[in-house]
Amino acid sequence: MFRNNYDNDSVTFSPQGRIFQVEYAQEAVKQGSVVVGIVSKTHAVLAAIKRNAEELSSYQKKIIPIDSHYGVALAGLASDARVLSNFMKQQSLASRLTYDRPIHLAEITARIADRAQTNTQHYGKRPYGVGLLIAGVDSKGPHLFEFQPSGVTQEMLACGIGARSQMARTYLERHLEEFDGSSREELIKHALRALKESLSQDKELTVDNSCVSIAGIDEDFKLFDGQDMAEWLDATFDNKDGGNEGGQEGEAMETDEL
Amino acid sequence: MNHLPQAWGRPRDDVYGAYDQSHFQMGGPNQHTQSPIVTGTSVVAAKFKDGIVIAADNLASYGSLARFTDVKRLRKFNDQVVVGFGGDVSDMQYLDRLLNSLDIRENYGSDGTPLNAKNLHTYLSKVMYKRRSDFNPLWNHLLIAGLDGEDKPFLASADLLGTTFSAPTLATGFGAHLAQPILRRSIPDEAAVPNVSREEAVLLVKEAMKVLFYRDARSMDKYSIAVVTKDGVELKQDEKLESQSWAFAEGIRGYGTQVN
Amino acid sequence: MTSIGTGYDLQNSVFSPDGRNFQVEYAVKAVENGGTAVGIRCKDGVVLALEKLITSKLLKPEANKRIATVDRNIGVVSSGLLPDGRHFVSRARDEAADWRRLWKGPIPTATLANRMGSYVQAYTLYSSVRPFGITAIVGGWDSEADVPVDGEVGSGPKVGSGGKKEGAHGGPYLYMIEPSGLYWGYYGAATGKGRQIAKSELEKLNLSEGNLSLEEGVKEAARIIYVAHDDNKDKEFELEMTWISSVDGPTKGRHEEVPKEIREEAEKLAKKALEGDDDEDDEEKMEE
């Protein structure tokens, strides 16, 4: 039933010093639809592909606003993300209540990381099956953090996680130099283009299957969803149909530089 | 009917037998944290155009006995906040340790933004209110002086009930009655603050400290004074009241050698 | 490892017939793949250094600090599983805070090392947990000056009975704690992938003589990380360095990041020293 004797639980090291259960949990992240995050000098943006289980069902929630200054995007088990995001909301409110201060993104990221670590060291627990991108602005400026089920967290300039996210990351690496000086609009466009890269050829970004969020210095975290996406998709892909169907071919978009 | 209020409205003893009075006795040990023992008196503070002056004398009294004469009641928290403590000294020391542990936590990272006066006032007022709600108050009246998030002067108080209050000039304890009117004469409202210079504010606070020494029997002439501006905290802890004049005492019954 | 697969290595806290706890040994494996970490105990302070491998171009440079502060005067650097390192630090901070609550003063570095050793050891005792996948280096400076008791608000009477005892002790301390909970005090400690090279470099410094100054220590630590990284040249890395000096030194007894200018200067010297070595090697080869 198991691949080997060392992958039954998260309290067993393999002879190479690996913890397979944690590594398997990382695989759950790769099953989730892709999410992308980028920061500039002034803004932090998240973008996500949303899936629907069937034609008649709604599309999943991929970006969760936490506090007025930040939010998270998730890839993997959405219910695990809900547990973590509820915790983040509580902690964020506690910071505002006791210190009248928006919580630092590094601080909240560390707190969920510590929780995740506990799940990898105690029998009877399982690692979280979700990866998060935490993006927003605090007193130290815009930030983007990546959170993994292992409890590893890293501050990134840009990041993509989830299914086929390698394509998105390749795009991000190629345009890394441009992000820092990007305007709010440019940053969102970059995020959407990175997202588009990871889509299979026959798929398009639409107002239903995508969403973006932005937070900036002196600008609260805002989520664009549904019809609010239309203008961003139009602006990014030169797509006159409002991004509902058809649209331009992927080839043409490649060359569509700013 | 008798004159004891606790008997009013209760069943008559002659009809129903003696009433069980044990309900009225609370029992249990005395909690000495429920009243102050060694205390510090007033703290006074005033805003000026680009900062705050705050002062408190160096006396800790045991009842009416001047028990400790070098107690520092102003605590620098960081480069932009000073907290002044009136009231129980051991509770002040507890709060001092609490702030110490907060400071250690705040400095684990090298790149954090320090807590400003507004943050610290919010925190301390929550501490005070929690303790009063537990019926175990910290017997202090605090002034938090410093700069807020926008580097503007900030001054606010939190007391043993968890009450908070903010004004361009503040004084705790005896000073709330004696010093506050003097301070208000020069700085009546927030609009007056931009016209007050640092020198004027320091002079004003020193004058208030002097009046308090004249009239507050739990005060002394050695005091600490701090000025908080964008450039940091300047804290002096061994100042002496200057140019005292006790001539006014002659005209007051109860002062000096007069008997009636 | 001969006993792999015999079943004694599947559960923590279980001894094999020859008296080994395999899960602890496997935890050590997790450490051996981590970036190299080094600690040097100098005469007037302690340096901690870490080779931080860059796993992605998208990482924010100079962010993601991994050497942590405990209380104000102690630093912890670890090699192995990152989240386990954070767990270790979080516990160390709790220990230091508990100590303060009880004794109203900073925890001595030796005591902290002892307590953390016990804590790590406890994770080898039960099948319900796994051992820590880290080796941690704990460095600190115990104040040589008279530290006031926490909450002290006055100096007490200047005359009369009482008074102060001369000869307060303090100084630099360095410990390394392994996944088994075993710990030793060190003059120079190294762990992680490049530990063997780093150790041999540390031995050359004759640290036990106690002559190395903190300033030199910073340069040596940087150089050792660069030397230890040399085998792993294809991967890029960032050098992270912190230090703790005596009370009258540059950090005033606090654990702080080594200032950028000083670190970069040390890195420049380290690179130069490496190039020099390479030249020598080449020359030797030529001679051969």
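Convention: sequence-line order gives letters A, B, ...; per-chain numbering from 1.
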Is chain A contacted by the side chain of N33(C), its backbone, both, or neither, given a heavy-atom distance below 4.5 Å?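 Only the side chain of N33(C) comes within 4.5 Å of chain A.
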Closest approach of E95(C) to I107(C) (non-hydrogen atoms, all atoms of both residues):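 That would be O-CD1, 4.3 Å.
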Under a 4.5 Å heavy-atom cut-off, does chain C meet the side chain of [X], its backbone, both or neither?
X: S14(A); value: backbone
X: A116(A); value: neither
X: E155(A); value: both
X: L176(A); value: side chain
X: L144(A); value: neither

Quick check on the interface: out of A63(C), S90(C), A30(C), who has the most heavy-atom pairs with chain A under 4.5 Å?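 Sorted descending by pairs with chain A, the first entry is A30(C).
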In terms of heavy-atom pairs under 4.5 Å, which option from Q23(C), H87(C), K57(C), R86(C) contacts chain A the most?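 Looking at each option in turn, the highest pair count goes to Q23(C).
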Could you tell me whether [X] and [Y] make a salt bridge, using a distance below 4.0 angstrom between a side-chain N and a carboxylate O?
X: R193(A); Y: E178(A); result: no
X: E32(C); Y: R195(C); result: yes
X: D114(A); Y: R111(A); result: no
X: E173(A); Y: R169(A); result: no
X: E23(A); Y: R18(A); result: yes
X: E267(C); Y: K271(C); result: no

Where the side chain of S79(C) meets the backbone of G35(C), is there a donor-acceptor pair that is under 3.5 Å apart?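 Present.
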Can you say whether the rings of Y6(A) and Y26(C) are parallel (under 30°), tilted (30 to 60°) or perpendicular (over 60°)?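 Taking Y26(C) first and then Y6(A), their aromatic rings stand perpendicular (interplane angle over 60°).
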Heavy-atom side-chain contact between E219(A) and R184(A) under 4.5 Å: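 They are in contact (side-chain heavy atoms under 4.5 Å apart), so the answer is yes.
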Heavy-atom side-chain contact between M156(A) and S56(C) under 4.5 Å: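 With C-beta onward as the side chain, the pair touches.
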Determine whether K30(A) and E27(A) satisfy the following criterion, salt bridge (Lys or Arg N to Asp or Glu O under 4.0 Å), listing intermediate values before the conclusion. CA-CA 5 Å; K30(A) 294 181 192 161; E27(A) 292 301 315; 3.3 Å; yes
Within residues 255-262 of chain C, which residues come under 4.5 Å of chain A, heavy atom to heavy atom?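 Not one residue of residues 255-262 of chain C has a heavy atom under 4.5 Å from chain A.
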Would you please go through residues 121-133 of chain C and name the residues with a non-hydrogen atom below 4.5 Å from one of chain A, in numerical order?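 Interface residues of residues 121-133 of chain C: Y123(C), S127(C), S128(C), V129(C), R130(C), P131(C), F132(C), G133(C).
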Worked verdict on Y171(A) versus H175(A) for ring pair (Phe, Tyr, Trp, His ring centres under 6.0 Å): CA-CA 6 Å; Y171(A) 174 92; H175(A) 294 85; 4.1 Å; yes
